[in-house]
Number of protein chains: 2
Amino acid sequence: MYTIGQVSEMFQIPASTLRYYDREGLFLEMERTGGIRRFGEREVEALRVIECLKASGLEIRDIKQFMAWCVEGPSTYGLRRQLFETRKKAVEEELRQLHKTLDMLNFKCWYYDTAIADGSEDRLNAMLPDKLPPEIQKLYDNCHGKE
Amino acid sequence: MYTIGQVSEMFQIPASTLRYYDREGLFLEMERTGGIRRFGEREVEALRVIECLKASGLEIRDIKQFMAWCVEGPSTYGLRRQLFETRKKAVEEELRQLHKTLDMLNFKCWYYDTAIADGSEDRLNAMLPDKLPPEIQKLYDNCHGKE
DNA sequence: GCTTGACTTAAAGTTAACTTTAAGTTTTAG
DNA sequence: CTAAAACTTAAAGTTAACTTTAAGTCAAGC
């Protein structure tokens, strides 16, 4: 069993944030001794799931809903499974979006490398949007709306 | 040249947001006719870059800084190049984090598939954290801190 | 027993990124 | 010329996720 300070240290999360999560109902069955929170394995695993769901784009209120399902028992397995499935779809979409963002960033890096080499953007502007090197054309098209 | 309403439609961004961006200094040289904003190719490309930088995790105030560099001219090519390089690093890190998140989500989907098939988590709890199927073990380890 | 450090609470404050409101101006269609 | 649609502003309001503050309680070491 851990104190809030130890968990704060383990996860590199401020104790104030852990208290906030508790207030919001993310640690529904946490024990206390003399008013002081005791984090057990259940809470540590809950925190890993909280970080995962947060990273997937879920809001605190919806994570609270999930935690309530966990307390409710086996009748909510289906709902919980569905939640993770939906989060998977969201993260996969986010990954696709981030790859497009990366293409734009790579294009811009090439663009400024070229501008620096040339000393101006004149030649670049004359090349745009066609006449780009083939590998750069791909990056450009992918972040300027071409399918 | 486009009005704010046309750009709002094109990018599916509320006109109020475009005005907010303008107020924050993201369209530094935008023209007006009779007080009304005229978005040209420069502003449309700026908006594409804004969306990219936002998706990369950059804040509005830092995007404003970038736009100021663009107005400043060729002397800031190096700074602009460096900004995109830094954003690339941030996005690549975000991609790594999202892949770990996806591993956790896949593990949880398998976990609840199994719990549903079993009707309880008893057998699962007896399997954890070792004795998991090999392909599941990988997912589990990757999101429970094992290197 | 006393100090120190870690814990507790409720309530107020912070921040970023919008969003809404209210009042007014400009453009467009008839 | 007029009515409606689309634009304008400054200022206030919203939201999520914390974070800080103030005042107090608990546990450990000397």
Side-chain angles (χ1 to χ4, degrees), chain A residues 1-40 43-44 46-68 87 90 94 97 101, chain B residues 1-40 43-44 46-68 87 90 94 97 101:
Chain A
M1 297 281 261
Y2 311 99
T3 66
I4 201 168
Q6 291 167 326
V7 175
S8 166
E9 180 71 14
M10 280 167 58
F11 281 83
Q12 292 293 295
I13 294 174
S16 65
T17 302
L18 296 173
R19 290 199 193 92
Y20 163 70
Y21 286 169
D22 188 23
R23 243 189 345 270
E24 294 297 310
L26 268 43
F27 302 113
L28 283 178
E29 297 186 304
M30 189 157 50
E31 295 171 34
R32 301 233 182 177
T33 59
I36 287 171
R37 292 174 184 81
R38 310 320 307 277
F39 289 73
E43 281 71 35
V44 169
L47 200 41
R48 273 194 287 260
V49 174
I50 288 164
E51 298 248 270
C52 167
L53 290 176
K54 254 171 55 75
S56 84
L58 207 66
E59 294 178 11
I60 301 291
R61 73 159 70 87
D62 296 317
I63 301 179
K64 174 188 179 155
Q65 172 66 271
F66 171 77
M67 293 304 173
R87 287 298 95 201
E94 176 87 11
Q97 168 56 42
T101 297
Chain B
M1 297 281 261
Y2 311 97
T3 66
I4 201 168
Q6 290 168 326
V7 175
S8 167
E9 179 71 14
M10 280 167 58
F11 280 83
Q12 291 293 294
I13 294 173
S16 65
T17 302
L18 296 174
R19 289 198 194 94
Y20 163 71
Y21 288 167
D22 188 22
R23 241 188 348 269
E24 295 298 309
L26 268 41
F27 301 113
L28 284 177
E29 298 187 304
M30 191 159 46
E31 294 171 35
R32 301 229 180 180
T33 59
I36 287 170
R37 292 174 184 81
R38 310 321 305 276
F39 289 74
E43 282 70 36
V44 169
L47 200 42
R48 274 193 287 261
V49 174
I50 289 165
E51 298 248 270
C52 168
L53 290 176
K54 254 170 55 78
S56 84
L58 206 66
E59 294 178 13
I60 301 291
R61 73 160 69 86
D62 297 315
I63 301 179
K64 173 187 180 156
Q65 171 65 272
F66 170 77
M67 293 304 173
R87 286 299 93 202
E94 176 87 10
Q97 168 57 41
T101 297

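The structure displayed is predicted, hence computed values, not measured ones. The chains referred to below are lettered A, B, ... by the order of the sequence lines, with proteins before strands, and numbering in each begins at 1. What you see below is based on every heavy atom in this structure, not just the backbone, and it leaves out hydrogens, waters and symmetry mates.
Atom CD1 of A:Ile36 sits about 8.5 Å away from atom OG1 of A:Thr3, to the nearest 0.5 Å.
Residue pairs meeting the side-chain hydrogen bond (donor to acceptor under 3.5 Å, both in side chains) criterion with at least one partner in residues 11-21 of chain B, sequence neighbours excluded, are absent.
Near DNA chain D, meaning a heavy atom under 4.0 Å away, there are no residues from residues 53-68 of chain B. Applying a 4.0 Å cut-off to non-hydrogen atoms, the residues of residues 6-32 of chain A that approach DNA chain D are A:Pro14, A:Ser16, A:Thr17, A:Tyr20, A:Tyr21, A:Arg23, listed by residue number.
A:Met10 pairs by the side-chain contact (heavy atoms from CB on, under 4.5 Å) definition with A:Tyr2, A:Val44, not counting sequence neighbours. A:Gln97 meets the side-chain hydrogen bond (donor to acceptor under 3.5 Å, both in side chains) test with A:Thr101; sequence neighbours excluded. In this structure, B:Arg23 has no side-chain hydrogen bond (donor to acceptor under 3.5 Å, both in side chains) partners at least two apart in sequence or on a different chain. Partners of A:Met30 according to the side-chain contact (heavy atoms from CB on, under 4.5 Å) rule, which considers only residues two or more places apart in sequence or in another chain, are A:Asp22, A:Phe27, A:Arg37, A:Phe39, A:Glu43.
Note on the helix from C:dG1-D:dC30 to C:dG30-D:dC1: terminal axis deviation equals 10°, with five pairs used at each end and the result rounded to 10°.
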Protein-to-nucleotide contact annotation, 5' to 3' order, nucleotides 22-30 of chain C [B base; S sugar-phosphate only; - none; under 4.0 Å, heavy atom]: ----SS---

May I have the list of side-chain donor-acceptor pairs in residues 49-67 of chain A shorter than 3.5 Å, sequence neighbours left out?
from	atom 1	to	atom 2	distance (Å)
A:Ser56	OG	A:Leu53	O	2.7
A:Glu59	OE1	A:Arg61	NH1	2.5
A:Gln65	OE1	A:Trp69	NE1	3.1

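A 6.0 Å sphere centred on CD of A:Glu31 holds no more than 12 heavy atoms belonging to other residues, nucleotides or ligands. Within a 6.0 Å radius of CD in A:Glu9, other residues, nucleotides and ligands contribute 12 heavy atoms or fewer.
Taking atom OH of residue A:Tyr2 and atom C1' of nucleotide C:dC7, one finds them 19 Å apart after rounding to whole Å.
Contact between A:Ala15 and A:Ser8 at its shortest, heavy atoms only, is N-OG, 3.7 Å. Residues A:Arg38 and A:Met1 come closest through the heavy atom pair CB-CE, 3.5 Å.
Between B:Arg37 and D:dC7 there is no side-chain polar atom (N or O) within less than 4.0 angstrom of OP1 or OP2.
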